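Keep in mind the model is a prediction, meaning the values are calculated, not measured.
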Amino acid sequence: MSAAGGDRAPGPDPLLVACALRIEQAALRSAGGGSGRGSGRGAAGHTLLRTGMGPSAAERAVGRALERPGMDRAAVLATGFCAGLVPGMHPGDLVVAEQTRDPQGTVTCTGSALLAEALARAAPGRTVHTGALTGSDHVVRGQERAQLRATGAIAVDMESAATLWAATRGGGRPVAAVRVIVDAPEHELVRIGTVRGGISAFRVLRAVLPAFYEWHRSLLLPRR
């Protein structure tokens with residue numbers, strides 16, 4: 001039977017992995033996460049999208065990506081670097097969002113526990129934190145960090161909440177957010193260890209791409 005046109009059997013739902021920065025994209029590409037400018041194909045059915053920095057850019061880019069043919073049921077995973085809010089966090093630690101928050105609302109993530117387990121296997125020795133990931137439209141420092149922590153959030157970044165909001169606005173789909181801490185209460189970006197912390201976070205992000213694929217495969221398994 002021809003695979004063209006209406007005779008084509010539907011394939012598995014694709015995965016869109018969204019990051020904001022060129023350096024984040026470079027880490028994911030070096031792990032096999034796609035190539036090309038803006039977006040690229042990774043493993044079968046997996047697309048890497050660089051959205052640009054900030055919530056508005058993320059929302060626009062993800063919205064456009066999900067309008068493409070075949071993306072109506074795609075799972076979406078937001079990733080990249082973040083600032084930790086909890087004392088004791090270190091550059092290279094991982095954050096798995098149970099929910100994302102920003103002024104537009106709260107999005108509950110899918111399969112956070114399974115994703116955290118997959119990340120622990122992919123990056124042995126790295127601490128994996130789970131909890132609420134909050135969004136901001138600017139870099140958070142000093143007292144503002146403590147104020148966000150008081151809301152119950154464990155980390156902050158500029159794109160994850162907007163990415164997942166855009167992904168779920170048109171209906172339900174699996175969504176997740178995984179961030180690597182590059183900036184923490186005792187390791188702020190203004191400090192001398194910034195470069196070392198950034199290199200550590202880059203290496204961790206490069207190592208954990210297989211965990212994203214494992215999470216995506218788990219979504220395709222029949223539910224008991």
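- Nearest heavy atoms, Ala97 versus Thr100: CB-CG2, 4.1 Å.
- For the salt bridge (charged side-chain N to carboxylate O under 4.0 Å, His left out) test, residues two or more places apart in sequence or in another chain that qualify with Arg121 are Glu214.
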Review item, side-chain donor-acceptor pairs of residues 124-132, under 3.5 Å, at least two apart:
residue : atom : partner : partner atom : Å
Arg126  : NH1  : Ser200  : OG           : 3.3
Arg126  : NH2  : Ser200  : OG           : 3.3
His129  : NE2  : Asp93   : OD2          : 2.9

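- Minimum interatomic distance between Glu24 and Ala20 (heavy atoms only, all atoms of both residues): OE1-N, 3.0 Å.
- Arg73 contributes atom CZ, which lies 4.0 Å from atom CG of Asp13 (distance to the nearest 0.5 angstrom).
- For the atom pair CG of Leu219 and CG of Leu15, the computed distance is 8.5 Å after rounding to the nearest 0.5 Å.
- Taking the side chain to side chain contact (heavy atoms under 4.5 Å, CB included) definition, one finds that Ala58 meets it with Thr51, Glu159, Ala162, Thr163, sequence neighbours left out.
- Counting heavy atoms from C-beta on, the side chains of Leu164 and Cys109 come closer than 4.5 Å.
- The side-chain heavy atoms of Leu28 and Phe212, taken from C-beta on, include a pair separated by under 4.5 Å.
- Between Thr134 and Val140, every side-chain heavy-atom pair lies at or beyond the 4.5 Å cut-off.
- A donor-acceptor pair under 3.5 Å is formed between the side chain of Thr110 and the backbone N or O of Val175.
- In this view, Glu59 and Arg169 satisfy the salt bridge (charged side-chain N to carboxylate O under 4.0 Å, His left out) rule, not counting sequence neighbours.
- The nearest pair of heavy atoms linking Phe81 to Leu205 is CE2-CD2, 3.9 Å.
- Put simply, OG1 on Thr151 and CD on Gln147 are 10.0 Å apart, with the number rounded to the nearest 0.5 Å.
- Under the side-chain hydrogen bond (donor to acceptor under 3.5 Å, both in side chains) criterion, the residue pairs touching residues 170-181 are Asp157-Arg179, Ser160-Arg179, with sequence neighbours excluded.
- The aromatic rings of His46 and His216 sit perpendicular, their planes meeting at an angle over 60°, well past the 30° parallel limit.
- Residues that satisfy the side chain to side chain contact (heavy atoms under 4.5 Å, CB included) test with Ala83, not counting sequence neighbours, are Arg145, Val156, Asp183.
- Rounded to the nearest 0.5 angstrom, Leu94 CG and Leu119 CG are separated by 5.5 Å.
- Pairing each heavy atom of Ala122 with each of Ala207, the nearest pair is CB-O, 3.9 Å.
- With sequence neighbours left out, Ser136 forms a side chain to side chain donor-acceptor pair (under 3.5 Å) with His138.
- The two residues Met89 and Ile181 make their nearest non-hydrogen contact at SD-CD1, 3.4 Å.
- Every side chain to side chain contact (heavy atoms under 4.5 Å, CB included) that Ala155 has, sequence neighbours left out, goes to Cys82, Val95, Leu133.
- Thr106 pairs by the side chain to side chain contact (heavy atoms under 4.5 Å, CB included) definition with Gln99, Arg101, not counting sequence neighbours.
- Applying the salt bridge (charged side-chain N to carboxylate O under 4.0 Å, His left out) definition to pairs two or more places apart or across chains, none involves residues 105-116.
- Judged as a side chain to side chain donor-acceptor pair (under 3.5 Å), and not counting sequence neighbours, the contacts of Trp165 are Gln104.
- In terms of modelled atom types and a separation under 3.5 Å, the side chain of Gln25 and the main chain of Cys19 share no donor-acceptor contact.
- Nearest heavy-atom pair across Ala18 and Val62 is CB-CG2, 4.3 Å.
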